[in-house]
Amino acid sequence: MEYKFREIEKKWQKYWEDNKTFKTFDDFSNPKKFYVLDMFPYPSGAGLHVGHPEGYTATDIVARYKRMKGYNVLHPMGWDAFGLPAEQYAIQTGTHPAITTKKNCDTFRRQIKELGLSYDWDREINTTDPEYYKWTQWIFIKIYNTWFDEKAGKGRPISELPIPEEVKNAGPEAIRKYIDSKRLAYYDDAQVWWCPECKIVCANEEVLSDGSHEKCGNLVEKRKLKQWMLRIPLYAERLLQGIESLDWPEGIKEMQRNWIGRSTGAEVDFPVENSDEKITVFTTRPDTLFGATYMVLSPEHPLVEKLTTPSRKSEVEEYIKAASLKSDLERTDLSKEKTGVFSGSYAINPVNLQKIPVWIADYVLMGYGTGAIMAVPAHDTRDFEFAQKFNLPIVCIMDPDTSDAEQRKRVLEGHECWTEDGRYINSADKTTGIDINGLNKEAGIAKMIAWLEEKKLGRAKVNYKLRDWLFSRQRYWGEPFPVIHWEDGEITVLDEKELPLELPPLEKYQPGESGESPLANATDWITVTDARGRKGRRETNTMPQWAGSCWYYLRFIDPKNKEAIFDPAKEKYWMPVDLYIGGAEHAVLHLLYSRFWHKVLYDLGIVSTDEPYQKLFNQGMILAYAYETDKGAKIASDMVVEKEGKYFHKETGEELRQIVAKMSKTLKNVVNPDDVVKKYGADSLRLYEMFMGPLEATKPWDDKGVKGVFGFLNKTFRFLSEKNNITEGEEDSEVIKALHQTIKKVGNDIENLRFNTAISAMMIFINLATKKGKITRRTAETFIKILSPFAPHLAEELWNLAGHNKTIAYEPWPEYNEEYLKEDTFEYPVSFNGKLRFKLELPLSMDKEEIVDRVVSDPRSAKWLSGKKPENVIVVPGKIINVVVR
RNA sequence: GCCCGGAUGGUGGAAUCGGUAGACACGCAGGACUUAAAAUCCUGUGGCCAGUUAAACGGCUGUGCGGGUUCAAGUCCCGCUCCGGGUACCA
């Protein structure tokens, strides 16, 4: 029978839809549950990209496999639909973003349905739906009303915050300020990056290293604006420790650890000469205090103004101005020379009471530590470079652990920087009483911290790189904050009953030049008056796109619940997410933010698990072939012709190199899944996406490869749909063995997300079956079952042709029988000194001595033994024989 | 600069625990079928070198580079090169 994939796929997609084949029930009686989740897409106007179906097919195979294994499977899909493009389109055309968004969602839904993915569409969610963002706002209120109890290491309701006596005595205003200072969400002036093109504030995370906005590529500048911030660093330790329990790729876990950036050390106070001020620094090397020969303040440090002496004033001000205009790139570029300026003031080194100059330099950042450092040029490479440039003293305080005498000399003389271990020298002072001479780094750090704490000059300190999360955007198309700013300065959040706070309709979507969101134009919406006649103004900022995606996995559990965010019993049943698949670009931001929200909800008793995503897997990016000339000029794909495996420029005839690059409009190498489905069918697309290579690998799309898997599906369909090929009775022993090998391999591979080798195993089986010409009905049906998660339309059709009238989706997954896989003999590769020389078939039960006898007496061995006796013979049963001859 | 990945035939990749390198697929070459093409099927296919009427077959070499460990290394260790991704000079 001919493989009419278009008809077959349409037919079964309709069947699944009509019969709600993949509707998930909250069947608590089945203890085997499996929640398999995709990173839901932003429905862009461009439609689906071939990168989307990669992850979706992977989760779909797992979902279908788990159903066949008897699991109750939750496999939902939705739309992360707030975002810039719809808003920009609205600015240009006046079309409401909701209309654009709906259109895009409809396209995405159609495309995804055409791939035969087994989602429960009754659970579809959309972050822009007020019934959804009602709960996003609800969570924000929860976060706002939470403080972090450092002692308990967890978030607690703000109503439980103990108020210190002195605050109580200072009156209600002081109490309010105190409470606000403890909330996980706060409203404050923030130095933010401003994109003049998008007219939007960008989070640090959104500004690229060259100082451009990641969304539009324009250079950003600094501005101060009132912003909502979330105190994610309070959860740094919990977020760090939580990583350990997760089944995530090691690389991603490492990236999250590095992002959180825990470092241990000490805070040390340096008194300022002739002043009551002190400079507090954070250092991981308090042991090197004797080598501290100067200090550096970041240009934004609050003490800069006070410490700058009148004679230095103009120079310092000029420097600060220059630093503030610098982009992150300029300030952080290592190849650029260090800059700095002397403040005119001196600090006192607490270990030896020596006077050291205070400098101002932009290589010290206000955003990390205390914004000030003690500089130890002899033992820190950046300080060394700075000291050399400005002729500051370099005092070596450590005899380096090096066998290189020349190097040791250079280090001791202060001509080379040493950051490794050694023994302290010049590290004692009679007046202050500290002495760490002779100790190594570890002991030195411990002793110095103990001394600092005893003398109340410093304290052990853990520091994190993780910074407060800037959580507001000056946009229309986002969740409104359920917040009112009252004329008396009070800030309140809405009551739960007032949610959702819906976006008001607008005439114009243009943002205000001042940086205010377009919501500022909705006068009626903004203005509120309370029962006492007090006037207030609604928050005009909206939440970032992260907000909706931070918790969507929870709403899938109970998406239509009007009374609550979800039914706690359902949450308990379904959480955590058992498998989460998506692109590696979310390795840090989305996953860290989402884990943070989840932990807050956990502390408040709203969710039952500490972590949301038990197992995570990142799919690799799909690239495409592109072409370039000898000189490296890129040529658009429509200008390239192929001749005998070589590539030439259509017009100039120049031979071109095939390279691999990101798909792009300019290179004209974007692959549209619709075209692939039209030409080869959804099953071929699914199979190719999985067959290309390992799921996690970055790999190029190749249309010829689609043809390959299409051929396999054709062959499979033709063979299994032909009644003459299917027999009753006993199966051929070779076929039965191959079948059981395939069942085992495919099952293991699905469990380990190695779909490429699973598909190759099925190809091997079909190649054997067609060679044999006939297989039994039982074998055929077993094979159709294991193929069904990969090519579900084709499998349903074959299953139906075989006389079944119910879907294959819930047929039990075939078990393999080890008995059929057992071997009696093995063809041993026999090698001499590690080089394979010949093969010898021997019973697996044969013991080592007999094997050695057989090998040595084999006529083919004579050549390699050349009369000598083997020194040793290694026999690894079922693997290899290696004869050692010297 | 730092961090995280990676490098295997003409191409995508396989080798899951240190044990036969190149599964499976594409491409290419040859053949069958056909008036022809497509489709399909069959055969061959890492490189180099031999010999025999021919075939089976034989030898050397080979997983980015240089070392090392081991009976045995694509796999482990040390030192590099190049490519991709991330990046906040993090004290």
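Protein chains get the first letters and strands the later ones, always in sequence-line order, with residue 1 at the start of each.
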Q: Send over the distance from A/Leu687 CG to B/A25 P, rounded to a whole Å.
A: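 The distance from CG of A/Leu687 to P of B/A25 comes to 12 Å, rounded to the nearest Å.
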Q: Which of the following nucleotides, B/C90, B/U40, B/C26, is nearest to the side chain of A/Tyr368?
A: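 Shortest atom-to-atom distance from the side chain points to B/C90.
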Q: Between A/Val296 and A/Met374, is there a side-chain heavy-atom distance shorter than 4.5 Å?
A: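 No; the side chains remain at least 4.5 Å from each other.
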Q: Collect all protein-nucleotide pairs involving nucleotides 55-63 of chain B in which both atoms are nitrogen or oxygen and the distance is under 3.5 Å.
A:
| unit_1 | atom_1 | unit_2 | atom_2 | d |
| --- | --- | --- | --- | --- |
| B/C60 | OP1 | A/Arg837 | NH2 | 3.4 |
| B/C60 | OP2 | A/Arg837 | NH1 | 2.8 |
| B/U61 | OP2 | A/Lys835 | NZ | 3.0 |

Q: What's the CD-C1' distance between A/Glu250 and B/C3, to the nearest Å?
A: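 From A/Glu250 CD to B/C3 C1': 14 Å.
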Q: What is the distance, to the nearest angstrom, from the CD1 atom on A/Ile622 to the C1' atom on B/G84?
A: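 After rounding, the reported distance stands at 16 Å.
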Q: I need the CD-P distance between A/Gln256 and B/G86, as an integer number of Å.
A: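 In whole Å, B/G86 P and A/Gln256 CD are 16 Å from each other.
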Q: What distance, rounded to whole Å, do you find between the two P atoms, one in B/A32 and one in B/A37?
A: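 Looking at atom P only, B/A32 and B/A37 are 11 Å apart.
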Q: Considering only the C1' atoms, how many Å lie between B/G59 and B/G5, rounded to the nearest integer?
A: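 Result for the C1' pair: 40 Å, nearest Å.
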Q: A quick test of your reading: do over 12 heavy atoms of other residues, nucleotides or ligands sit less than 6.0 Å from CD of A/Glu849?
A: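 Not more than 12 within 6.0 Å, no.
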Q: Distance between the C1' atoms of B/C41 and B/C33, in whole angstroms?
A: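 So the two C1' atoms sit 9 Å from each other.
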Q: Report, one pair per line, the protein and nucleotides 13-19 of chain B atoms (nitrogen or oxygen only) whose separation is under 3.5 Å.
A:
| unit_1 | atom_1 | unit_2 | atom_2 | d |
| --- | --- | --- | --- | --- |
| B/A14 | OP1 | A/Asn756 | ND2 | 3.0 |
| B/U16 | O2 | A/Arg754 | NH2 | 3.0 |
| B/U16 | N3 | A/Arg754 | NH2 | 3.2 |
| B/U16 | O4 | A/Lys745 | NZ | 2.2 |

Q: Figure out the CZ/C1' separation between A/Phe790 and B/C24, and round it to whole Å.
A: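 Answer to the nearest Å: 14 Å.
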Q: What nucleotide, of B/A91, B/U40, B/C90, holds the atom closest to the side chain of A/Thr284?
A: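 Selected nucleotide: B/A91.
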Q: Looking at A/Glu254 and A/Arg257, is there a salt bridge between them, counting it only when a charged N and a carboxylate O are closer than 4.0 Å?
A: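 So A/Arg257 pairs with A/Glu254 through a salt bridge.
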Q: Please give, in whole Å, the distance from B/C89 C1' to A/Leu297 CG?
A: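 To the nearest whole Å, that distance equals 17 Å.
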Q: Given side chains that start at C-beta, do those of A/Glu54 and A/Met621 come closer than 4.5 Å, heavy atoms only?
A: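 A side-chain contact under 4.5 Å is absent here.
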Q: For nucleotides B/A7 and B/G13, find the distance between their C1' atoms and express it as a whole number of Å.
A: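 Rounded to whole Å, the distance is 13 Å.
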Q: For B/G44 versus B/G10, give the span between their C1' atoms, rounded off to a whole number of Å.
A: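 Result for the C1' pair: 15 Å, nearest Å.
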Q: Mark yes when over 12 heavy atoms from residues, nucleotides or ligands other than A/Glu734 sit less than 6.0 Å from its CD; otherwise mark no.
A: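 No, CD of A/Glu734 has 12 or fewer neighbouring heavy atoms, counting only those of other groups under 6.0 Å.
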Q: Regarding A/Thr370, tell me which of base, sugar-phosphate or nothing describes its non-hydrogen contacts under 4.0 Å with the strands shown.
A: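 A/Thr370: no heavy atom of the nucleic acid under 4.0 Å.
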Q: Please, what dot-bracket string fits RNA chain B when only Watson-Crick and G-U pairs with both distances under 3.5 Å count, crossing ones use [ ] and pairs to another strand use |?
A: (((((((..(((......[....)))((((((.......))))))((((........))))..(((((..]....))))))))))))....
Q: If I compare all heavy atoms of A/Ala58 with all of A/Leu695, which pair ends up nearest, and what's the gap?
A: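 Distance-wise, the nearest heavy atoms are CB-CD2, 3.8 Å.
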Q: Salt bridge check: are A/Lys737 and A/Glu823 linked by an N-O gap of less than 4.0 Å?
A: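 Salt bridge: yes.
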Q: Considering only the C1' atoms, how many Å lie between B/G62 and B/U53, rounded to the nearest integer?
A: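 Taking atom C1' in both B/G62 and B/U53, they lie 33 Å apart.
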Q: Would you measure the distance from the P atom in B/A15 across to the matching atom in B/A36 and give it in whole Å?
A: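 Nearest-Å result for B/A15 against B/A36 at atom P: 44 Å.
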Q: Starting from C1' on B/G12, measure out to CD on A/Glu54 and report it in whole angstrom.
A: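 These atoms are roughly 13 Å apart.
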Q: Is any side-chain N of the basic residue among A/Lys744 and A/Glu818 closer than 4.0 Å to the acidic one's carboxylate O?
A: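 So A/Lys744 pairs with A/Glu818 through a salt bridge.
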Q: Is there side-chain contact between A/Val671 and A/Val676, with heavy atoms separated by less than 4.5 Å?
A: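 Sidechains of A/Val676 and A/Val671: in contact.
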Q: Counting N and O atoms only, with roles assigned by atom type, does the side chain of A/Glu2 sit under 3.5 Å from a partner on the main chain of A/Lys4, one being a donor and the other an acceptor?
A: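 Checking the backbone N and O of A/Lys4 against the side chain of A/Glu2, no donor-acceptor pair under 3.5 Å is found.
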Q: Between B/A91, B/G27, B/C3, which one does the side chain of A/Phe282 approach most closely?
A: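 Selected nucleotide: B/A91.
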Q: How about NZ on A/Lys699, more than 12 heavy atoms from neighbouring residues, nucleotides or ligands closer than 6.0 Å, or not?
A: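 Yes, NZ of A/Lys699 has more than 12 neighbouring heavy atoms, counting only those of other groups under 6.0 Å.
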Q: Where does B/C17 land, syn or anti, given syn is within 90° of 0?
A: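 Nucleotide B/C17 adopts syn.
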Q: Determine whether the aromatic ring centres of residues A/Phe5 and A/Phe710 are separated by less than 6.0 angstrom.
A: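 They qualify: ring centres under 6.0 Å apart.
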Q: Does B/G62 adopt a syn or an anti glycosidic conformation, taking syn as a chi angle within 90° of 0?
A: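 B/G62: anti glycosidic orientation.
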Q: Do A/Lys704 and B/U11 share a donor-acceptor pair, side chain to base, under 3.5 Å?
A: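 It does not, because no donor-acceptor pair links the side chain of A/Lys704 to the base of B/U11 below 3.5 Å.
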Q: Between A/Lys707 and B/G27, is there a side-chain N or O to OP1/OP2 distance below 4.0 Å?
A: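 So the side chain of A/Lys707 is within the cut-off, an N or O lying under 4.0 Å from OP1 or OP2 of B/G27.
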Q: Which residue lies toward the 5' end of RNA chain B, A/Ala372 or A/Asn714, if each is placed at its nearest nucleotide?
A: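 On the 5' side of the pair lies A/Asn714.
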Q: For A/Asp421, is there an ion pair with A/Lys441 - N to carboxylate O distance below 4.0 angstrom?
A: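 Salt bridge between A/Lys441 and A/Asp421, a charged N being under 4.0 Å from a carboxylate O: no.
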Q: Find which nucleotide of RNA chain B each of A/Tyr688 and A/Arg718 is nearest to by heavy atoms, and output the residue with the more 5' nucleotide.
A: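 Comparing both residues, the 5'-ward one is A/Tyr688.
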Q: Starting at atom CG of A/Leu695, determine the distance to atom P of B/G12, rounded to an integer number of angstrom.
A: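 It is 18 Å, rounded to the nearest whole Å.
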Q: Just so I know, are the side chains of A/Phe384 and A/His379 near enough to count as touching, which here means a heavy-atom distance under 4.5 Å?
A: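 The answer is no; the side chains never approach within 4.5 Å.
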